Number of protein chains: 2
Amino acid sequence: MTADIHVAETTSDPVHPDNRAEAFHGVRAARRSELAEDYVELIAELIHEQGEARPVDIAARLGVRAPTVTKALDRLAREGLITRERYRSVFLTEEGRRLALECRRRHAIVLRFLIRLGLDAETAERDAEGIEHHVSERTLALFAAYADRA
Amino acid sequence: MTADIHVAETTSDPVHPDNRAEAFHGVRAARRSELAEDYVELIAELIHEQGEARPVDIAARLGVRAPTVTKALDRLAREGLITRERYRSVFLTEEGRRLALECRRRHAIVLRFLIRLGLDAETAERDAEGIEHHVSERTLALFAAYADRA
DNA sequence: GTAGATTGTTAGCCTTAGCTAACTTTTCCT
DNA sequence: AGGAAAAGTTAGCTAAGGCTAACAATCTAC
């Protein structure tokens, strides 16, 4: 990266050739992990609130059907984020717990920031849900700083 | 954080039943249209910069392979956002143009906002790419206001 | 004007994420 | 304890978004 900045913008060049592609690559990567993050964060929340995370509750909160959850949980287990036994509720692995915490932190910062900025709570919640997966650590720091210094 | 502490912990309620589900629903909807928006925005850009939008350039900028672009363009055409003839470059429909403009506007606002907040240009570009699809009109207005009043 | 390079498409594969229908297991209630 | 309800799983469908390999069309340069 940084390489192609001064690559002769002569005329009808491919302009910034992979500069941009890189950004999209990053966004696509983020998109892939979003769902996993949503699940892990929600599972942590359910465990905290109700003592356990049952697929039926996950489905209800996410607004999807049970089989969708089963499949997603299989994937999370494969990826080492959760452990589970058939017909039982779900637990986070060490790594899952770590990820959940990180997500929760990001979510909280974005939410607090949006509210500080003047957004109503409900819209802030909805937007935070979407935004939290796409803010870099650097941006997050600025958000936190803004919210704190208000 | 702080939120679920005093939220009517009556007993074993389904707690906030679809309140949350709604947010996820919105996010999933946004996720579905993201790719289409990326394409349309990019196509408009290419047409503006180079006079035409060729699949090969789209692929390069997005960092994907040619057949991926062909398929995506088929979908966009089906959805009425672009028109195309085989082996020719791509044009936006009226609706496509409208969408592209809206995306461009959102992108610009988010980008300007992030930079005003103190983010470096490169990170701002990357983050804006991800964030722009998830900000409500209301948040956008606040972003714009902040950037303007600086 | 034709040969080779470039560009575009098709076919076919994989994975993810959603769904319904049908089945199994667990839980709950009498 | 036994049967109905609830929860979970499996099978099998759809569609999107990636890919490679192979083929077709277009463009370019001689």
Side-chain angles (χ1 to χ4, degrees), chain A residues 12-14 17 21-22 24-40 42-43 46 50-79 81-91 130 133, chain B residues 11-14 17 21-22 24-40 42-43 46 50-91 130 133:
Chain A
S12 54
D13 258 31
E22 213 183 297
F24 282 112
H25 231 268
V27 174
R28 277 203 305 278
R31 279 175 201 164
R32 254 178 285 119
S33 39
E34 276 177 69
L35 241 256
E37 294 182 5
D38 287 343
Y39 271 89
V40 165
L42 175 54
I43 288 166
L46 286 170
Q50 327 197 320
E52 64 175 347
R54 293 150 74 234
V56 68
D57 293 325
I58 296 174
R61 289 269 188 113
L62 251 29
V64 299
R65 300 296 187 171
T68 301
V69 171
T70 297
K71 242 197 258 185
L73 293 180
D74 285 345
R75 183 160 77 91
L76 294 183
R78 237 189 299 131
E79 290 172 358
L81 295 170
I82 64 170
T83 56
R84 61 197 304 243
E85 286 165 72
R86 302 173 92 249
Y87 299 99
R88 294 263 106 89
S89 54
V90 178
F91 300 91
H133 306 284
Chain B
T11 35
S12 52
D13 258 32
E22 212 182 297
F24 282 112
H25 231 269
V27 175
R28 277 202 304 278
R31 280 174 200 165
R32 254 178 286 118
S33 38
E34 276 177 70
L35 241 256
E37 294 183 4
D38 287 343
Y39 271 90
V40 164
L42 174 55
I43 289 165
L46 286 169
Q50 327 197 322
E52 65 174 347
R54 292 150 76 233
V56 67
D57 294 326
I58 297 174
R61 289 267 190 115
L62 251 29
V64 299
R65 298 298 187 171
T68 300
V69 170
T70 296
K71 242 199 255 184
L73 293 180
D74 284 345
R75 183 161 77 90
L76 295 184
R78 239 190 297 131
E79 291 172 359
L81 294 170
I82 64 169
T83 56
R84 62 197 303 244
E85 287 165 70
R86 302 174 90 246
Y87 298 100
R88 293 266 104 89
S89 53
V90 177
F91 300 90
H133 306 283

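Everything quoted here is computed from the prediction, not taken from an experiment. By convention in this document, chain letters (A, B, ...) are assigned in the order of the sequence lines, proteins followed by strands, and residues within each chain are numbered from 1.
Between B/Ala36 and B/Arg75, the shortest heavy-atom contact is N-NH2, 4.3 Å.
Side-chain atoms of A/Tyr39 and A/Val69, non-hydrogen and from C-beta on, do get closer than 4.5 Å to each other.
When rounded to the nearest whole Å, the span between CZ of B/Arg86 and P of C/dG8 equals 13 Å. In this structure, the CZ atom of B/Arg88 is 19 Å from the P atom of C/dT6, given to the nearest Å. Here D/dA11 presents its C1' atom at 13 Å from CG of A/Asp74, a figure rounded to the nearest Å. What separates CD1 of B/Ile58 from C1' of D/dG17 is a distance of 15 Å, to the nearest Å. If you measure from atom CD of A/Glu85 to atom C1' of D/dA7, you get 16 Å, rounded to the nearest angstrom. Going from atom CG of B/Asp57 over to atom P of C/dT6 covers 14 Å, rounded to whole Å. For the pair B/Leu62 CG and D/dG17 C1', the computed distance is 11 Å after rounding to whole Å. Rounded to whole angstrom, the span from the CG atom of B/Leu73 across to the C1' atom of C/dT9 amounts to 11 Å.
Residues passing the side-chain hydrogen bond (donor to acceptor under 3.5 Å, both in side chains) test with B/Arg28, sequence neighbours excluded: none. Not counting sequence neighbours, A/Arg65 has no partner by the salt bridge (charged side-chain N to carboxylate O under 4.0 Å, His left out) test.
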Just distance, no hydrogens or angles: give the donor-acceptor pairs under 3.5 Å from side chains in residues 80-89 of chain B, sequence neighbours left out.
{"from": "B/Arg84", "atom 1": "NH1", "to": "B/Asp74", "atom 2": "OD1", "distance (Å)": "2.9"}
{"from": "B/Ser89", "atom 1": "OG", "to": "B/Glu52", "atom 2": "OE1", "distance (Å)": "3.0"}

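In the set C/dT9, C/dT7, D/dT10, C/dT7 carries the atom at the smallest distance from any side-chain atom of B/Val56.
For B/Arg31 and B/Asp38, the salt-bridge test fails: no basic side-chain N is under 4.0 Å from an acidic carboxylate O.
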Whether each nucleotide of nucleotides 12-24 of chain C has a protein heavy atom under 4.0 Å at its base (B), only at its sugar-phosphate (S) or at neither (-) is summarised, 5' to 3', as BB--SBBBBB--B
